[in-house]
Amino acid sequence: MTAQAPGPAEQVFARFLALQHQARAAADIDSLAYALVNDAQALFGFRHAALLIAGRVRALTAISVVEAHSPFVAFVEEATRQLLAQGRSSQAQVVTADSLSEQTRGDWQALSAGSVFWLPLLDRKQALFGGLWIAREQPWSAAEQALLLQLGDCYAHAWLALQPHKPWRLRWPRRRIIAVATVALLLLLLPIRQSVLAPAEVVPLDGQVIAAPLDGVITTFQVKPNQAVNKGEVLVRFDATSIRAQADVAERSLQVAEAELKANSQRAFSDAESSARIDLLAARAAQKRAERDYARELLARTEVRAERDGIAVFADAQRWVGKPVQTGERLMEIADPRRAELRIDLAVADALNFQPGAEVGLFLDSDPLHRHDAQLQRLAYEAQPLSNGQLAYRLDAGFVAAPPRIGLRGTAKLYGERVPLALFLLRRPLAALRQTLGL
């Protein structure tokens with residue numbers, strides 16, 4: 001007899017057992033957190049899942065590093081906080097909109113999927129220590145909710161199993177305890193210089209921005225990235241077919257208007273009607289001349305030339321060729337390779353009271369053992385979102401010595417004022433406590 005192929009129910013059960021095995025086989029907390037928000041996606045088809053431990057988001061689907069200040073993280077933490085206030089966070093449930101505040105419902109529509117299942121994680125005493133916010137577009141069936149309940153027990157067991165065990169308590173003499181506490185207190189009062197790390201990039205200083213002079217399609221890029229260019233050299237060519245035809249038509253229209261004006265001027269001595277039309281024809285000829293001049297100016301703009309010597313700073317020419325661009329759209333930058341500055345994107349959570357002239361050290365990704373010294377010059381007062389959605393302050397620093405090559409990236413270390421070691425170690429925990437309790 002031939003073996004019968006497993007049906008859909010058997011396949012779902014096999015995937016369910018595989019998820020339990022993967023959770024129990026996790027080597028550490030970080031790998032388990034990643035598995036909890038990613039591995040079950042193929043089985044349940046959710047858009048995203050968020051793992052919360054002690055009210056804070058620990059892991060997100062397809063995200064390696066969780067940004068605590070992102071809008072989605074703030075929404076999930078606030079929504080679960082409201083469930084906890086209602087006494088419903090320890091129960092597995094399909095979250096409904098009427099259980100949340102009006103503001104949170106608005107954030108839900110903008111940031112999360114329509115159908116959300118809250119899967120609590122309980123310890124051995126059935127006390128809540130975390131949970132999973134699982135969101136997708138389709139409603140949750142009763143069978144899926146039953147599978148998630150069993151999976152939640154497995155996840156909670158695996159998480160508690162990886163928690164470190166409490167060490168044996170050592171009984172020290174009272175004098176030794178006092179001595180150790182005194183030394184620790186003195187160390188905590190030791191002044192130490194604050195410092196933070198932030199991603200940085202070497203960018204041109206006072207470079208010339210080359211923008212699109214007209215609406216059109218780029219046909220060719222005459223230069224390559226980081227190529228040296230001279231003043232007057234052609235950088236970019238636009239498609240001039242329609243503009244050239246427009247210039248030819250304007251030229252011929254001007255010739256017709258001037259010929260008509262000339263003919264009426266000659267008949268003006270004998271023909272009163274021709275004399276009366278001279279002013280109108282002269283104005284029409286001036287209009288056609290202006291149209292001709294404008295068309296010629298547009299035709300001249302189809303070739304973008306460098307206005308200074310330097311190097312062409314841009315990423316890739318192929319992404320521009322054949323692409324329609326609008327007037328003012330940035331194409332490249334002409335920069336002096338000997339004049340560069342350091343652009344730093346400082347995360348909001350790492351912002352300190354930096355002053356102009358603060359010391360900055362740059363360690364390039366291509367040469368991490370060599371330090372480039374710089375001094376802070378400008379600090380933005382308003383945080384801006386980066387391409388990855390993280391909020392960061394823009395900082396500019398000038399190099400003390402010769403700058404590295406433009407375009408290199410690395411890590412900048414910014415030095416602040418001296419503070420006690422206790423404040424240096426507890427700055428972030430104290431900020432989080434203040435935000436939570438409002439002290």
Side-chain angles (χ1 to χ4, degrees), residues 65 67-70 191-211 225-229 231 306-315 328-420 423-424 427-428 431:
V65 179
E67 173 55 42
H69 298 279
S70 66
I192 189 172
R193 196 173 185 182
Q194 294 186 99
S195 62
V196 294
L197 299 176
E201 180 183 4
V202 181
V203 297
L205 176 62
D206 298 331
Q208 176 202 355
V209 176
I210 303 298
N226 296 330
Q227 176 182 332
V229 297
K231 182 178 180 180
E307 298 181 4
R308 56 183 289 187
D309 298 338
I311 60 173
V313 181
F314 62 100
E329 190 168 353
R330 181 170 179 162
L331 303 178
M332 67 177 70
E333 189 173 357
I334 303 299
D336 186 350
R338 297 167 297 180
R339 293 173 53 82
E341 64 179 0
L342 186 63
R343 185 179 67 190
I344 306 169
D345 295 323
L346 181 63
V348 174
D350 295 331
L352 300 177
N353 186 23
F354 294 110
Q355 299 295 332
E359 181 183 352
V360 179
L362 171 64
F363 300 90
L364 296 173
D365 295 338
S366 58
D367 187 13
L369 300 180
H370 184 208
R371 168 175 168 155
H372 298 270
D373 293 326
Q375 289 184 343
L376 185 64
Q377 295 179 342
R378 293 176 296 277
L379 171 63
Y381 289 99
E382 183 178 359
Q384 298 292 335
L386 303 178
S387 57
N388 58 0
Q390 179 184 9
L391 288 176
Y393 292 102
R394 165 77 178 273
L395 284 74
D396 297 324
F399 289 98
V400 176
R405 180 176 64 83
I406 294 175
L408 294 179
R409 294 177 176 269
T411 301
K413 187 173 185 179
L414 295 94
Y415 296 90
E417 58 186 8
R418 293 185 178 274
V419 295
L423 181 58
F424 177 80
R427 180 177 65 86
R428 285 196 173 184

Original post:
Closest heavy-atom contact between A312 and I334?
Top reply: CA-CD1, 4.0 Å

Original post:
What closest approach, in Å, do L342 and A200 show between heavy atoms, and which atom pair accounts for it?
Top reply: CD1-CB, 3.7 Å

Subject >> Salt bridge R339-E333, side-chain N to carboxylate O under 4.0 Å >> reply: no

Subject >> pair L414-L352: side-chain heavy atoms closer than 4.5 Å >> reply: no

Original post:
Does any non-hydrogen side-chain atom of T411 lie less than 4.5 Å from one of K413?
Top reply: no

Subject >> Heavy atoms from other residues, nucleotides or ligands near CD of E307 exceed 12 (cutoff 6.0 Å) >> reply: no

Subject >> Minimum-distance pair of heavy atoms, taken over all atoms of D345 and A198 >> reply: O-CB, 3.6 Å

Subject >> Heavy-atom pair with the smallest gap, counting every atom of L408 and P404 >> reply: CD1-CB, 4.1 Å

Original post:
Roughly how far, to the nearest 0.5 Å, is the CG atom of L346 from the CZ atom of R394?
Top reply: 13.0 Å

Original post:
Is the side chain of D309 donor-acceptor paired with the backbone N or O of K231 at a distance under 3.5 Å, no angle test?
Top reply: yes

**OP:** Rounded to the nearest 0.5 Å, what's the gap from CD on E382 to OH on Y393? Could you check?
**Re:** 9.0 Å

Original post:
Which value, rounded to the nearest 0.5 Å, describes the distance between N226 atom CG and R405 atom CZ?
Top reply: 5.5 Å

Subject >> Separation between CG of D396 and CD of E341, rounded to the nearest 0.5 Å >> reply: 4.5 Å

Original post:
Are any non-hydrogen side-chain atoms of H370 and L364 less than 4.5 angstrom apart?
Top reply: no

Subject >> Atom pair CG (L395) and CG (L376), whose distance is rounded to the nearest 0.5 Å >> reply: 5.0 Å

Original post:
Which pair of heavy atoms, one from Q390 and one from A347, lies closest together, and at what distance?
Top reply: NE2-CB, 3.1 Å

Original post:
If you look at every heavy atom in S195 and Y415, which pair is closest and at what distance?
Top reply: CB-CD2, 4.0 Å

Subject >> Residue pair V360 / L362, side-chain heavy-atom distance below 4.5 Å >> reply: no

